[in-house]
Amino acid sequence: MKPARTRMAPSPTGRFHLGSARTALFDYLLARKTGGQFILRIEDTDQKRFVPGAEEEIIRSLDWLGLTPDESPVHGGPYGPYRQTERREIYQYYANLLVEKGHAYPCFCSPERLEKSRQEQQARKVERVKYDGLCRGIDPDEAARRVRAGEKHVIRFKMPQDGVTIAHDHLRGDIVTENKYIDDYVLLKSDGLPTYHLAAMVDDHEMKITHVLRGSEWLPTFPLHVNIVRAFGWEEPVWIHLSVFLKPSGKGKMSKREAAQAIKDGYSIFVDDMKDLGYIPEGVLNWIALMGWGVPEDDVMTLDQMIERFSIDSLTPSPAAVNFQKLDHFNGTHIRLLTTEDLSARIKPYFAAAGLEVRDETLLKVTPLIRERLVTLDDCLAFAAFFFKEDVEPNPEELIAKGLDAKQSAEVARRVYQILEAQPDLSHERCEPPLRAYVEESGLSANQVFGILRVAATGQKVSPPLFESLEIIGKEKVLKRLQRAIEMLERM
RNA sequence: GCCCCCAUCGUCUAGCGGCCCAGGACGGAGCCCUCUCAAGGCUCAAACAGGGGUUCGAGUCCCCUUGGGGGCACCA
């Protein structure tokens, strides 16, 4: 396959969400797979909806995911500028070119007239409400004169009124649309900036984009776009319309409401939130890759493995419901795939954020103990914070073993204390045999004895493996914590 | 209302006319392992939306119905 040039072209009007991330992923995979380039282009032609900081969030999110573009507003590139507001002359040139070729025309209708016309049509219940074509019939010379005179106008595409347009989508095949259903869309707005329809087609051509991956919300105007490209006489890219993401229930698309719900549930559909929630790029990427991409088997993949296996032929056209449980699964899976050094470095900030001082030497010993227990990185606190605290605060009730009372539990704790105190150090090898022997002779269960020790030493009922943990906590602290537990039990 | 797209287990999907009494993954249930929680291993339940065609043969091709989604802006 020839090197593909792909592009992701978001508008800086909101947050960078899962859907954008998936499009970017597939763009990136196709580019890497074929030895081509992945481009980021900012479609900021709607100054009314511009959101400050949105572009930064897009770039930050892509970067975090590891999908850094080869060409972009910040990285530059040979086909820039990559921000559409910086390309307005280009669009004006091409819009005029289309007028000259007879494929477009200036329209002088006011927004008010347009609105009135629309309402009239709605009242008449016409088949398809669209521009009534008033300016379409103006003599070109007359129109040119009015434009030169400075009359306010837009440029509209002169859509063929008869026949059909056959547009080819790589996933859906030929899409046949009757031309009468397609409006004379505005290409150039009265403020001199282009609409998406013109800008995207011009840029994709100018930037030599070979494959256009975009959301299925573009399907209705797909035939329009194809007509524009053909009017210019340009070669068409391969068109791929990806489906939208549905909310977890599968009933309805992702909405503002749903985004808020996800956050309430401890999840998010915004990539920029993922890091704080403890997700790692590997997990997120693997998760979104599987929505809309039919990977036959072995669905645990790193980015490099995805590149190796990617093919636009195995993309799927049907809408996919977002499943956060699957995100958790893949996140945990990829956490387990990390090396001890890597994982340690990634969880360290969470301890720091909790105000805990963490020595690398200790952390490196702790990490292997909690690795397979982490679903998200921030889970490290629940499992391992006690390693880095001076004292722990066990719940007295939890110090009492199942089937025993406080007094009996205190007795067990005292015996355990004696056993551990007698050891030169609390290495796993030293502690386990005598404690097991005690379990034997006492007639208690390992669960009861180790349970008391666990809560006393770690302050919690659930912890990493006990003996390995004791070794890391150290004899001095373990005995101190045990002593405290004994006192708590005696006071009950 | 009109136009367009989609349709296999609850969810993501494999299947591109016979290899499918439909395979994998998440989730669920059970068992094993076990000092807790995980991880891991094994097993089980779970789907071709409905109806017509085409064909010797249909989950796979065609049509209709139904359901879902998207779109009807000087927004993208």
Side-chain angles (χ1 to χ4, degrees), chain A residues 9-14 43-46 48-49 107 109-111 114-115 118 122 125-130 152-156 169 171-172 175-178 180-183 185-191 193-197 199-200 214-223 241 243-244 246 248-253 287 290-300 313-314 316-330 332-333 336 370-375 379 382-383 432 435-436 439 445-451 453-455 458 460-467:
Chain A
S11 59
T13 52
E43 311 219 322
D44 56 350
T45 55
D46 186 355
K48 288 190 275 312
R49 294 202 307 154
C107 170
C109 295
S110 69
L114 259 20
E115 183 52 35
R118 258 193 293 272
Q122 266 156 11
K125 295 203 188 309
V126 295
E127 215 183 6
R128 162 77 153 96
V129 176
K130 52 182 199 177
K152 192 159 181 158
H153 68 284
V154 300
I155 303 290
R156 284 183 185 275
D169 175 87
L171 304 182
R172 298 154 207 266
I175 294 170
V176 184
T177 313
E178 289 194 61
K180 65 177 179 186
Y181 291 123
I182 309 167
D183 208 348
Y185 281 91
V186 171
L187 299 178
L188 201 68
K189 299 182 273 187
S190 57
D191 63 3
L193 282 168
T195 58
Y196 172 89
H197 311 301
R214 43 153 38 169
S216 63
E217 65 268 24
W218 293 114
L219 240 18
T221 43
F222 182 25
H241 292 88
S243 63
V244 294
L246 269 24
S249 64
K251 301 280 177 206
K253 64 161 179 177
W287 176 52
L290 262 23
M291 289 188 277
W293 177 15
V295 181
E297 75 245 352
D298 229 353
D299 44 16
V300 175
D313 296 339
S314 49
T316 57
S318 40
V322 163
N323 181 347
F324 289 112
Q325 287 177 314
K326 213 160 180 173
L327 200 216
D328 282 338
H329 172 260
F330 279 106
T333 302
R336 271 170 255 133
I370 63 173
R371 184 181 1 236
E372 59 268 15
R373 280 158 246 268
L374 303 181
V375 170
D379 286 342
F383 282 111
E432 190 163 0
L435 284 171
R436 292 238 179 243
V439 168
S445 71
N447 232 312
Q448 291 172 308
V449 175
F450 297 160
L453 212 204
R454 179 190 317 283
V455 175
T458 70
Q460 44 198 245
K461 289 189 82 158
V462 173
S463 82
L466 227 209
F467 302 110

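Predicted model, so just to flag it, every value in this text is computed and none were measured. Lettering follows sequence order; numbering is per chain, from 1.
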**Q** Generate the contact string for nucleotides 30-39 of chain B. Rules: B means base contact, S means sugar-phosphate contact only, - means no protein heavy atom under 4.0 Å.
**A** -----BBBBS
**Q** Hey, is the side chain of A:R172 pairing donor to acceptor with the base of B:C5 inside 3.5 Å?
**A**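 Under the 3.5 Å cut-off, the side chain and the base do not form any donor-acceptor pair.
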**Q** What nucleotide, of B:C26, B:C5, B:A76, holds the atom closest to the side chain of A:L219?
**A**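 Taking heavy atoms from C-beta onward, the closest nucleotide is B:C5.
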**Q** Going by the angle between their ring planes, with limits at 30° and 60°, are A:H197 and A:W218 parallel, tilted or perpendicular?
**A**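 Perpendicular.
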**Q** Looking across every strand, which nucleic acid part, if any, lies under 4.0 Å from A:G252 by heavy atom: base, sugar-phosphate, or nothing?
**A**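 Touches sugar-phosphate only.
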**Q** The side chain of A:T316 is closest to which nucleotide in this list: B:A14, B:A76, B:U11?
**A**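 From the listed options, B:A14 comes nearest.
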**Q** Does A:G292 reach a base, just sugar-phosphate, or nothing at all? Heavy atoms under 4.0 Å.
**A**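 Sugar-phosphate: the residue A:G292, judged by heavy atoms under 4.0 Å, touches backbone atoms but no base.
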**Q** From the options B:C75, B:G71, B:C26, select the nucleotide whose nearest atom is closest to the side chain of A:K253.
**A**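 Minimum distance to the A:K253 side chain belongs to B:G71.
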**Q** Side-chain contact test, heavy atoms from C-beta onward, threshold under 4.5 Å: evaluate it for A:Y181 versus A:K130 and give yes or no.
**A**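 Side-chain contact under 4.5 Å: no.
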**Q** Which nucleotide sits closest to the side chain of A:P317: B:C6, B:G70, B:U11?
**A**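 Between B:C6, B:G70, B:U11, the one nearest the side chain of A:P317 would be B:C6.
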**Q** Who is the Watson-Crick or G-U wobble partner of B:C2, with both distances under 3.5 Å?
**A**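 B:G71 - that is the nucleotide pairing with B:C2, both distances being under 3.5 Å.
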**Q** Whole angstroms only, please: what is the OH-C1' distance between A:Y181 and B:G71?
**A**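 So the OH-C1' distance, A:Y181 to B:G71, works out to 15 Å.
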**Q** Give me the distances for all protein-to-nucleotides 59-63 of chain B N/O pairs that come in under 3.5 Å?
**A**
none

**Q** Counting only Watson-Crick or G-U wobble pairs whose two distances fall under 3.5 Å, which nucleotide matches B:A25?
**A**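 Here B:A25 is engaged in a pair, and the nucleotide opposite it is B:U11.
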